[in-house]
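Computed from a predicted structure; not experimentally measured.
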Amino acid sequence: MKRLFPDYTYGSGPRANCWWDETIASPDWQVLQGDLSVDVAIVGGGFTGVSAALHLIKARVSVAVLEAETPGWGASGRNGGFCCLGGSKLSHSAMVRQFGVAGAQDYERAEKDAVLLVADLLKSHGIDADVHSKGETQLAHTRRAMEKLRRNADALGELHEPGDLPALGLGGAFHGGYSNPVGFALNPRKYLFGIAQAAQSSGAELFQQSAVQSISKSHSGFDVHTNAGRVKAANVLICTNGYSSEDIPNWMAGRYMPAQSTVLVTRPLSEQELQAQGWTSEQMCYDTRHLLHYFRLMPDRRFLFGMRGGLRSSPRAEAAIRRKAMIDFRRMFPEWAAVDVTHIWSGMVCLSRGLTPYVGPVADQPGLFAGFAYHGNGVAMGTYCGQALARMVLGQVAGIPEPIASQPRRFPLGRWRRALLPPAYAAMVLMDM
C-alpha cells in the first residue's frame, strides 16, 4: 500500500477514545483465509462498500466485502453522524458554470435522494440508530456571513434572525442562521452495522483484517490479493475514500486528497447546564466558516463538536489538533468551559480536485469501479454512491448526475500534494475573519 500520510494516521492513535465505540459492540466478521470466488469483490467496509453489497445481494449477486481493519474502523465508524445535504464543496454558482443549470439541479436532487435513501434503509431494515434533528441549521459566525445567508435563503427552508435563536434553543454568539428541512442526525456506527447485518443476512460475505495488497487482471476478471487470501471476482469496487492507497489500483494515484477532521463529545449535560448556555435543541448545526465547526446535542444529552483543520499526523500533531478543538469548543460555548470532554478522536475525510464526488468506472479496466470524495458528507452521499456502484455492476441505469459521473482529475504535485493544503487552509482562515 502507498498512502499519503505517515503510518500513524492509519493506526490506532487518531481513533483512540472514539465515543461511538462505546455505543454498540463491533460485529465479529471473519478473516479471509485462502481462495474465494464471487461475482463482486468490494474493497472497503464503510458506508459505500456496505451499501453496494446490500444493493447487490438483493439482486442475487454474490459479494465479498474486504475491510482492512475492524468493522467501523474508518471514517464511517468515527464521523459526526450528520445525514444531510452535501458531498460537494462547489458553490451553486460554480456548479452552474461547470455543468450548466440542469447539471446543478440534477446534483441537488441527488443530494436529497441520498438522504432519503438512508431514511429508507433505516426504516426498511428496522435499524435503531438514535435518529434525531429535523433537517440541519447553518449558523452565521459573522454579520457578513448572515448577510450572505439572507441573500441565499431558499423558500423551502427558514431564515432565523439573531433574535430568533434563543427561542429555538440555539444559544451562542451567532448572528442568525438558516434551517434546511432535509436531513437528520444519527449514530453512524449503529447505522453502518445495521446495513452490514442486513447485507450479511441476505448472503453477503463480510471480512475484517483482510487488507487488499494488490488487484491484478485475470482471464475471468480480477484476482484481489489480501495478506492471507485471494478473491476471484468478475467485478471489483474500490470504496476506500480517505483511506485509499495510491496503488489499489494505480489509477487512484493523485485523484483523492485525505483531510483531517476532529470530533469531541462531552459528558451528559444537566438541564441547568443546558439552560445556562441556552442550547437545548437537538438540531444538528454547523457554522458558516470555510474551516467549519459542526455540533449537536445528542439524545443522551452529550454534546458533540467537530472541526476541520488538522494538517499533519503524528502523536504530537494529534495532541495539538485535539487541544485546538477543545479551545474552539470552549470559546464558542463558554458556559460549558468547565464541562468534562470525555471522548475526542480524529479521522480522514476525502476531497477531489474538482470538489465533487465520483462514482464510475476506472479507465481502461472494464469491471473495475470506484466511489469516493464525499467532502465530509459520507453518511448520505457514500450510501447513495454505493447504490449507484451496484447499479453499474448490474448494468442498470445508475441515474447519477454529471458532476458525480465526471472522472476526477489528478491533483498537482502527485505524492507531495499534501503541500497544497497549508496555503489553502491559510486562505480559508482569512476568508473566515
Considering non-hydrogen atoms only, spot the tightest contact between P14 and G11 and give its length.
-> CD-O, 3.8 Å
Are any of the side-chain heavy atoms of W345 and V265 separated by less than 4.5 Å?
-> yes
Begin from the C-alpha positions of Q283 and H132 and carry the test side chain to side chain donor-acceptor pair (under 3.5 Å) through to its verdict.
-> CA-CA 8 Å; Q283 186 78 348; H132 59 283; over 6 Å; no
For the residue pair S26 and R189, what are the closest heavy atoms and their distance?
-> CB-NH2, 3.4 Å
Side chain to side chain, I42 and V63, heavy atoms closer than 4.5 Å | yes
For H92 and E108, does a side-chain donor sit closer than 3.5 Å to a side-chain acceptor?
-> yes
For residues H293 and F305, establish whether the separation of their ring centroids is below 6.0 Å.
-> yes
How far apart are the closest heavy atoms of P6 and R418, and which atoms are they?
-> CD-NH1, 3.9 Å
Taking all non-hydrogen atoms of both residues, which atom of R353 and which atom of R410 are closest, and how far apart?
-> NH1-O, 2.7 Å
Using a 4.5 Å cut-off on heavy atoms from C-beta on, say whether the side chain of F369 contacts that of V362.
-> no
Examine F82 together with Y294 and report whether their ring centres are nearer than 6.0 Å.
-> yes
Is the cationic atom of R78 (NZ for Lys, CZ for Arg) positioned less than 6.0 Å from the six-membered ring centroid of W73 and within 45 degrees of its normal?
-> yes
Close side-chain approach of I404 to Y384, heavy-atom, < 4.5 Å = yes
Under 3.5 Å, is there a donor-acceptor pair linking the side chains of S214 and H225?
-> no
Does a donor on one side chain and an acceptor on the other come within less than 3.5 Å for S179 and H160?
-> yes
Counting only N and O atoms by type, is there a donor-acceptor contact under 3.5 Å from the side chain of Q277 to the main-chain atoms of E335?
-> yes
Any salt bridge between K190 and D130, counting N to O under 4.0 Å?
-> yes
For the residue pair N377 and C84, establish whether any side-chain heavy-atom pair is separated by less than 4.5 Å.
-> yes
Do F295 and F333 have ring centres separated by under 6.0 Å?
-> yes
Is there a side-chain contact between F372 and T240, using heavy atoms and a 4.5 Å cut-off?
-> no
Side-chain donor or acceptor of T383 paired with backbone N/O of V118 under 3.5 Å = no
Return the minimal non-hydrogen interatomic distance between T48 and C239, and the atom names on each side.
-> CG2-SG, 3.7 Å
Give the intermediate values and the outcome of side chain to side chain donor-acceptor pair (under 3.5 Å) for residues Q260 and S346.
-> CA-CA 7 Å; Q260 187 171 337; S346 298; 3.2 Å; yes
Check for a donor-acceptor pair, side chain of R267 on one end and backbone N or O of R302 on the other, with a separation under 3.5 Å.
-> no
Do D340 and T342 have a side chain donor and acceptor closer than 3.5 Å?
-> no
Salt bridge present between R109 and D113 (N-O < 4.0 angstrom) = no
Does S406 use its side chain to pair, donor to acceptor, with the backbone of E402 at less than 3.5 Å?
-> yes
Run the salt-bridge test on E147 and R150 with the 4.0 Å N-O cut-off and return the result as yes or no.
-> yes
Under the 3.5 angstrom rule, does the side chain of H343 hit a backbone N or O of T266 as a donor-acceptor pair?
-> no
Between W29 and T70, is any pair of side-chain heavy atoms under 4.5 Å apart?
-> no
Using distance alone, with no hydrogens and no angle criterion, decide if Q208 and D28 have a side-chain donor and acceptor under 3.5 Å apart.
-> yes
Ionic contact status for E318 with R322, cut-off 4.0 Å = yes
F47-Y191 aromatic ring centre distance below 6.0 Å | yes
Is R391 close to V397 at the side-chain level, that is, under 4.5 Å between some pair of heavy atoms?
-> no
Decide, yes or no, whether a salt bridge links E271 with R301 under the criterion of side-chain N to carboxylate O below 4.0 Å.
-> no
Does NZ or CZ of R296 come closer than 6.0 Å to the centre of the six-membered ring of F303, within 45° of the ring's axis?
-> no
Would you say the side-chain atoms of Y178 pair up with the backbone N or O of N152, donor to acceptor, closer than 3.5 Å?
-> no
Passing option when Y10 is tested against E69, R3, R15 for side-chain contact (heavy atoms from CB on, under 4.5 Å) | R3
